[in-house]
Amino acid sequence: MTLSPSHPLMDGRTANSPLITAYRGGTPSRRPIWFMRQAGRSLPEYRELRVGTTMLESCLKPAMAAEITLQPVRRHGVDAAIFFSDIVIPLKLAGVGVDIVPGVGPVLDKPIRTAADIAALPELTDESLDPIREAVALTVAELGNTPLIGFAGAPFTVAAYMVEGKPSRDHLGPRTMMHAQPELWAELMNWAADASGKFLRAQLEAGASAGQLFDSWAGSLGLADYTAHVAPASSRAFDHVRDLGVPLVHFGTGTSELLGAMYAAGGDVMGVDYRLPLDEANRRLGGAVPLQGNIDPALLNAPWEVLEKHVREVLAAGSSAPSHVVNLGHGVPPETDPAVLTRLVELIHSI
Ligand code: CP3
């Protein structure tokens, strides 16, 4: 453990919070809830603040990133903040030409496909992460007893953007490369693992009380490919932060068949997407792993009675696990009515 004595997890601010207690498998004083993608487009105050600033610029302005991180905590009373940033920020900070195109997602100036492209990848330096540390410090100074969750993209999800150069549905480019050029693929994955690992470590050291690795596109892989060509790099990303003793969450979408392999690769808590009921996820993990999830984001737009019935089913299924942090089964859709999220937090806290 190398966290400073003034870190929120060390000085008494967050160690006994409902979120951290549940992440550690204990019994929290109330059911913790937060939402993936709670900071951002569903909030009018976010859209207002972002006018005139691009997405990546807003991530690199510490005061703005801190303010956006705090907005959903103030509005909804959630049990955690998630740091406002993006999985491609480490690329940007390393000097890779990347932008986030509104309505599209991450786009690279030039896809990374050849041995020369990979050899030319710049290393992410420690100093370049200073704006991240500063934003985290500003955030936790305002959060009091509410923990901040740091995050990074898992190497496969990051590398998928690097190889395709843009979002894709089937991830054919990276899936071809892992078989056609396995050594090159491993090199690229190691680069992505180190970039994500350093990005996450900077957030944890600066004051985040938990960390989450997002493998949003791992669901395009079969178990054999995941195990052989992806899990070692995910494990390497976790290696950057394991010594800190901070609870770590591992989340993927479409990864019901990979759940055990993902847990083996790293993480103390498994994030479960909306496709797999939590009691089944718990069974697959041998009844030993704290779970996070998995309200179907599609139901946020359903009549309240339909949503409430679903939420109660999620809580019932989640009660089979050693502990349960309530969340969505993927991110908040941009068109979500924020009032529904606030009401959902009230409901969860009342049960
Ligand atoms: O609230 C939070 O969760 C914190 C911030 C956060 C963002 N991105 C902000 C963001 C987090 C944790 C992410 C992670 C992320 N980024 C993932 C993994 C999570 C997931 O949803 O699967 C992925 C795959 C990305 C890559 C990415 N960045 C995409 C696909 C997009 C959407 C592009 C679009 O416009 O449709 C982004 C942009 C992005 N990241 C936005 C936000 C708030 C939208 C930018 C805007 O406001 O214009």
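Residue numbers count from 1 along this sequence. Just follow the structure's listing: the first ligand is 1, and inside any ligand the first atom is 1.
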Just which atoms of ligand 1 are under 4.0 Å from any heavy atom in I82?
1 (O), 2 (C), 3 (O), 4 (C)
Is it true that F238 and H250 have ring centroids separated by less than 6.0 Å?
yes
Could you establish whether G103 and ligand 1 come within less than 4.0 Å of each other, counting only heavy atoms on the residue side?
yes
Atom indices of ligand 1 within 4.0 angstrom of P106 heavy atoms, with elements
26 (C), 27 (C), 29 (C)
With a 4.0 Å cut-off on heavy atoms, does R47 reach ligand 1?
no
Is Q212 close enough to touch ligand 1? Criterion: a residue heavy atom under 4.0 Å from a ligand atom.
no
Classify the contact between M55 and ligand 1 as side chain, backbone, both or neither, using a heavy-atom distance cut-off of under 4.0 Å.
side chain
Step through the shown structure and confirm whether more than 12 heavy atoms of other residues, nucleotides or ligands are within 6.0 Å of CD on E123.
no
Give a yes or no on whether a salt bridge exists between R30 and D79, defined as a side-chain N under 4.0 angstrom from a carboxylate O.
yes
Ion pair present between D126 and R133, side-chain N to carboxylate O less than 4.0 angstrom?
yes
Test: E67 and R74 ion pair at under 4.0 Å
yes
Do Q181 and W185 meet the criterion of a side-chain donor-acceptor pair at a distance under 3.5 Å?
no
Numbered atoms and elements of ligand 1 in range of H330, under 4.0 angstrom, heavy atoms
20 (C), 21 (O), 22 (O)
Residue set satisfying side chain to side chain contact (heavy atoms under 4.5 Å, CB included) with R275, at least two apart, ordered chain then number -> T253, S256, D273
Among L129, D130, L56, T125, whose side-chain contact (heavy atoms from CB on, under 4.5 Å) with L93 holds?
L129
With atoms numbered from 1 as shown, which atoms in ligand 1 lie under 4.0 angstrom from a non-hydrogen atom of F84?
43 (C)
Considering only heavy atoms of G105, which atoms of ligand 1 have at least one such atom less than 4.0 Å away?
33 (C)
Are the charged groups of K166 and D99 less than 4.0 angstrom apart, N to O?
no
Nearest protein heavy atom with distance in Å, relative to atom 47 (O) of ligand 1
Y46 OH, 2.5 Å
Measure centre to centre between the rings of F151 and F214, then say whether the value is under 6.0 Å.
yes
Which bit of S85 gets closer than 4.0 Å to ligand 1, counting heavy atoms only: side chain, backbone, both or neither?
backbone
Of the protein's non-hydrogen atoms, which lies at the shortest distance from atom 30 (C) of ligand 1, and what is that distance?
Y161 OH, 3.4 Å
Please list the nearest protein heavy atom to atom 11 (C) of ligand 1 with its residue and the distance rounded to 0.1 Å.
F151 CZ, 3.6 Å
Closest protein heavy atom to atom 1 (O) of ligand 1, given as residue, atom name and distance to 0.1 Å:
A39 N, 2.8 Å
Minimum-distance protein heavy atom relative to atom 18 (C) of ligand 1:
S216 OG, 3.2 Å
For ligand 1, which atoms sit closer than 4.0 Å to a heavy atom of R50?
46 (C), 47 (O), 48 (O)
Among non-hydrogen protein atoms, atom 16 (N) of ligand 1 lies closest to D86 OD1, 2.9 Å
For Y226 together with F156, are the ring centres under 6.0 Å from each other?
no
Identity of the nearest option to atom 38 (C) of ligand 1, non-hydrogen atoms only, from I100, T53, D273:
I100
Of the listed options R37, M36, R41, closest to atom 31 (C) of ligand 1 (non-hydrogen atoms)
R37
Looking at atom 4 (C) of ligand 1, what's its closest protein heavy atom, distance included?
F83 O, 3.4 Å
Ionic contact status for E313 with K309, cut-off 4.0 Å:
yes
